[in-house]
Amino acid sequence: MVRFARILLAGSSLLASVSPLAAQGGYSPTVALVSGPDVGRQAPGFSLPWANKDSVGPASAPYELWRDRGKTVVLAFYPKDFTSGCTAEMRTFAEQYDSLFGPDIVVVGISADSVETHARFASSLNLPFRLLSDPQQKVAAKYGSKGDEGYMHRTVYVVGPKGTVTYRNLRFNALDPKQYAELAGAVRAAKGS
Amino acid sequence: MTFERGYRLFLRSIGLLAALIARPIPAHAQDEGIAVGAKAPAVAIHDVDGKPVDIGQYIGKKPVLLEFWATWCERCEALLPRVRAAKAAFGDKVEFFGVNVAVNQTPDRVRRWVEENKPPYRTLYDDEGTSIRAYNVPTTSYVVVVDRTGKVAYTGTGGTQDISAVLRTVAEK
């Protein structure tokens with residue numbers, strides 16, 4: 001009987017671990033196991049090579065999250081450079097930068113593409129922020145954004161000045177105006193957190 | 001039912017549940033769009049002038065084509081001649097809607113584009129994202145064709161979709 005109760009408890013925990021995904025943002029037709037820091041938890045540290053619209057960043061100076069402590073950071077994981085959904089998302093981030101993010105916000109896009117591809121992609125869209133390269137998806141795994149066949153899941157995290165996650169959307173839709181508005185609100189709220 | 005039998009049944013159920021939950025998301029499943037064969041959502045949005053448009057009025061009564069587009073979408077521009085040709089051939093049998101995704105857009109910009117390009121569909125402007133979520137729209141140039149029974153008969157993206165061939169199958173049924 002004790003064993004029975006333990007199994008019942010384990011089953012309940014399993015279900016409970018899934019429900020936050022369903023609750024997050026309210027867009028969850030697919031049930032899946034996700035991990036990654038929830039709102040209020042410390043954002044996992046990482047260091048990744050980067051490129052921007054002008055060049056590939058020096059290997060000796062990767063992007064390191066801890067260096068932006070004290071600022072609000074937006075981490076945008078996305079499937080792949082030059083694909084249509086990602087182009088729509090990054091183009092919108094670039095062209096609506098002031099209304100979405102405003103000054104003093106650090107925005108980084110993260111995918112499994114190489115820094116060379118990132119440099120071409122950033123240049124083609126004139127992106128005013130860096131793109132980080134995570135080919136093994138090790139950082140994506142820490143943030144519940146790891147996907148199959150080199151395509152990350154499209155997710156967005158906002159990390160507040162204290163280094164904690166203040167917002168996350170694990171099913172960000174690149175064409176949903178409401179989700180961009182929600183992100184802009186989360187960024188504004190994070191500035192004061 | 002004995003306790004042992006009930007216990008075994010419970011274990012099996014837990015195993016099945018765990019297998020279902022642990023099933024990984026296929027490669028960028030969130031970008032796949034609505035499934036062919038699914039019942040088409042009857043969404044109500046509005047046109048670029050704010051006039052309400054209920055797509056549900058047409059779904060299940062006649063075939064419907066929805067193209068999700070934006071003025072900055074090059075593939076939508078490439079697709080336009082094919083949509084024009086399809087409208088010329090099937091415009092009397094199929095209802096055509098072009099749903100502007102309203103991301104990185106303004107109503108003025110959309111109005112100007114419509115004025116200049118005169119697209120062959122009724123232009124809608126989904127600034128609430130209602131249809132985007134309902135159809136799980138993955139990208140612009142995404143075309144959904146709904147048959148006269150109200151089921152999704154086709155989905156596709158890109159500038160080279162053979163829209164006329166798709167509509168021939170739903171218009172003649």
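Just so you know, these numbers come straight off a predicted model, no measurement behind them. Lettering follows sequence order; numbering is per chain, from 1.
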Subject >> More than 12 heavy atoms from other groups under 6.0 Å of CZ on A:Arg41 >> reply: no
In one Ile/Leu/Val/Met/Phe/Trp/Tyr side-chain cluster, 4.5 Å: [X], [Y]:
| X | Y | value |
| --- | --- | --- |
| B:Ile132 | B:Val152 | yes |
| B:Val103 | B:Val48 | no |
| B:Val170 | B:Val36 | no |
| B:Tyr121 | B:Trp72 | no |

Hits for ring-ring contact (aromatic ring centres under 6.0 Å, His included) against B:Tyr125, two or more places apart or cross-chain, chain-then-number order -> none
Atom of [X], atom of [Y] and distance for their closest heavy-atom approach:
| X | Y | value |
| --- | --- | --- |
| A:Asp176 | B:Arg133 | OD2-NH1, 2.8 Å |
| B:Asp126 | A:Pro177 | O-CG, 3.6 Å |
| A:Leu175 | B:Pro138 | CD1-C, 4.0 Å |

Considering heavy atoms only, which positions within residues 88-117 of chain A lie below 4.5 Å of chain B?
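Heavy-atom contacts from residues 88-117 of chain A to chain B are A:Ala88, A:Arg91, A:Thr92, A:Glu95, A:Gln96.
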- Message: Please report the interatomic distance CG(B:Asp127) to NZ(A:Lys178), rounded to the nearest 0.5 Å.
- Response: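 Rounded to the nearest 0.5 Å, the CG-NZ separation comes to 10.0 Å.
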Checklist entry - For B:Lys62, what residues pass the side-chain hydrogen bond (donor to acceptor under 3.5 Å, both in side chains) criterion, not counting sequence neighbours? => result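 Testing B:Lys62 for side-chain hydrogen bond (donor to acceptor under 3.5 Å, both in side chains), a comparison that skips the adjacent residues, returns B:Glu95.
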Residue pairs meeting ring pair (Phe, Tyr, Trp, His ring centres under 6.0 Å), one or both in residues 81-112 of chain B, sequence neighbours left out, come to B:Tyr58-B:Phe97
